[in-house]
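Let me begin by presenting the structure, written as structure tokens, before commenting on it.
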Amino acid sequence: MRTIKIFDTTLRDGEQSPGASMNLREKIEVAAALAELGVDVIEAGFAIASPGDFESVSEVARVIESSSVCSLARCVEKDIDAAAESLKSAKQPRIHVFLATSPIHREYKLKMTPERNIEAVRESVRYARRFCSDIEFSAEDATRTEIDHLCRIVETAIDAGATTVNIPDTVGYATPSEMFDRISNLMNRVPNINNAVISVHNHNDLGMAVATSLAAVLAGAGQIECTINGLGERAGNCSLEEVVMAMRTRHDVYNAKTKIITQKLVPTSRLVATVTGLKVPRNKAIVGQNAFAHESGIHQDGMLKNPTTYEIMLPSDVGFQKTDLVLGKHSGRAALADRAKTLGFELDADQLTKIFSEFKKLADRKKNIYNDDILALIEQNIHEQHDNLENESWSFVEYNLCCRTAKEPSVVLTLRKNNRHYTKEISGGDGPIDAIFLAIRDITGADVSLKEYSVQSVTGGQDAQGEVTILINKNGNTYRGYAVSTDTIEASTVAILNAVNRICQSAELV
Ligand code: KIV
Ligand code: ZN
């Protein structure tokens with residue numbers, strides 16, 4: 001059985017998903033989770049893109065040991081210099097240079113002849129080899145490149161020293177059989193093909209990214225580029241969890257395995273959903289809440305008789321827990337720590353103290369505490385840690401809200417900062433959340449507008465917690481906030497403050 005390398009680009013292409021930007025701490029946390037998951041390569045960013053990107057690639061390179069760390073670069077010397085510099089402290093550095101090769105990109109974007117296109121690849125790969133021995137070259141828009149030209153590009157890149165050559169379906173256009181033919185063609189026609197690993201990087205515009213990646217494996221590709229939860233430009237990239245579980249479950253077809261520790265897929269997916277604010281749809285394959293849920297009587301009957309009637313994978317193989325009950329007000333710290341551990345989170349003493357106190361408050365409001373409730377508390381704690389919600393940040397104290405049909409709402413809101421309380425009374429707004437938002441703007445002085453607001457229930461039942469995610473705008477930038485509570489108004493207030501604190505922090509950084 002062949003071992004296929006998993007190249008994760010959640011921190012680079014994934015971060016290019018609209019609304020998915022992550023701060024430095026979040027990127028380090030995701031990188032650590034990816035290394036634990038067992039990915040072979042972590043693409044940490046595009047070092048030349050911004051000082052923030054440079055810093056995050058450098059930090060990921062410094063802390064990650066077990067996976068290669070990679071930075072993207074155009075075929076331009078200053079890009080390659082920045083990538084090399086950002087990877088200076090990496091144990092296993094990789095420089096990833098790319099250039100578009102298709103006629104449409106050559107003509108309209110690059111204004112390059114085919115000959116110049118080939119020469120640029122040779123020069124850049126050679127230049128990158130001066131800094132590091134692990135070089136990946138990507139032929140952007142490879143699936144719309146003339147096959148003869150692509151063969152020459154691949155041969156040139158390998159000849160110049162590329163150790164991996166990537167054949168991206170940049171616009172998500174290829175069908176699985178076309179991808180199979182393209183990779184087979186390269187395998188048969190490029191004379192030095194055995195001196196490099198052939199990789200694919202498929203976008204999901206037609207919903208075929210996983211299928212085209214698997215077709216490439218059948219044709220001989222040795223690396224798949226993918227992202228957690230399928231994040232990425234536009235409709236996203238090939239989803240890591242899906243492609244890995246397809247190879248594992250259908251090894252009879254693909255004759256391929258990976259080094260991914262599949263039991264960590266669900267916790268990693270949750271972490272990425274939490275830090276990016278891009279929630280996983282309930283029916284998402286492998287990691288969605290419903291992926292192993294059985295509703296119909298016939299299915300439930302079959303499951304009780306033999307789970308293989310309706311399940312092709314074990315939920316525990318991807319990190320789902322079977323038990324979904326019951327911690328309550330009499331449960332202690334050890335039980336909470338143990339449950340957090342089975343859910344994939346190792347809490348340190350401070351985190352446990354904080355989450356345990358929130359857990360006790362929740363247990364007073366809610367009879368049964370489910371795994372999803374505990375996950376929500378942990379996620380909120382992660383957000384608070386990232387935003388350093390100490391004294392210098394705004395925090396919620398209390399509200400008093402009055403609403404009536406067809407009347408303006410009014411609210412008295414109290415917040416705290418630096419151990420001082422600030423209270424404001426406001427009448428106005430389109431509804432209770434808008435009134436709260438106006439009061440927060442008044443108290444904090446943050447000149448912001450609400451871009452998106454969503455609330456969903458964490459579990460079923462009348463006493464379920466509401467999970468609020470918001471996006472707010474300030475000077476063209478978008479900031480995310482997140483909170484959970486059995487009281488949705490309180491969760492909304494805390495989520496808005498969460499985002500306001502992020503703005504304050506980034507203002508301090510500037
Ligand atoms: O989609 C693409 O072609 C890319 C390359 C930079 C690999 O993201
Ligand atoms: Zn891409």
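These numbers come from the heavy atoms of this one structure, side chains and all, not from hydrogens, waters or symmetry mates. As the structure lists them, so they are numbered: ligands from 1, and atoms in each ligand from 1.
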Report, one line per pair, each donor and acceptor closer than 3.5 Å where one atom sits in a side chain of residues 254-261; sequence neighbours left out.
{"unit_1": "K257", "atom_1": "NZ", "unit_2": "T3", "atom_2": "OG1", "d": "3.1"}
{"unit_1": "T258", "atom_1": "OG1", "unit_2": "I260", "atom_2": "N", "d": "3.3"}
{"unit_1": "K259", "atom_1": "NZ", "unit_2": "D40", "atom_2": "OD1", "d": "3.0"}

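- A salt bridge links R152 with E115: at least one charged nitrogen is closer than 4.0 Å to a carboxylate oxygen.
- Note: F7 and H96 meet the aromatic proximity criterion, with ring centroids under 6.0 Å apart.
- One of the N, O or S atoms belonging to D13 lies under 2.8 Å away from the Zn ion (ligand 2).
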Run through all N or O atoms in ligand 1 and write down each protein N or O closer than 3.5 Å, as a pair with its distance.
{"unit_1": "ligand 1", "atom_1": "1 (O)", "unit_2": "H201", "atom_2": "NE2", "d": "3.2"}
{"unit_1": "ligand 1", "atom_1": "1 (O)", "unit_2": "H203", "atom_2": "NE2", "d": "3.0"}
{"unit_1": "ligand 1", "atom_1": "3 (O)", "unit_2": "T170", "atom_2": "OG1", "d": "2.6"}
{"unit_1": "ligand 1", "atom_1": "8 (O)", "unit_2": "R12", "atom_2": "NH1", "d": "3.4"}
{"unit_1": "ligand 1", "atom_1": "8 (O)", "unit_2": "R12", "atom_2": "NH2", "d": "3.0"}
{"unit_1": "ligand 1", "atom_1": "8 (O)", "unit_2": "D13", "atom_2": "OD2", "d": "3.1"}
{"unit_1": "ligand 1", "atom_1": "8 (O)", "unit_2": "H201", "atom_2": "NE2", "d": "3.1"}

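- Ring orientation note: the planes of F131 and Y127 are nearly perpendicular, at an angle over 60° on the 30°/60° scale.
- Ring geometry, H299 versus Y310: the interplanar angle falls under 30°, so the pair is classed parallel (tilted spans 30 to 60°).
- For K88, the NZ atom counts as loosely surrounded, since its 6.0 Å shell holds 12 or fewer non-hydrogen atoms of other residues, nucleotides or ligands.
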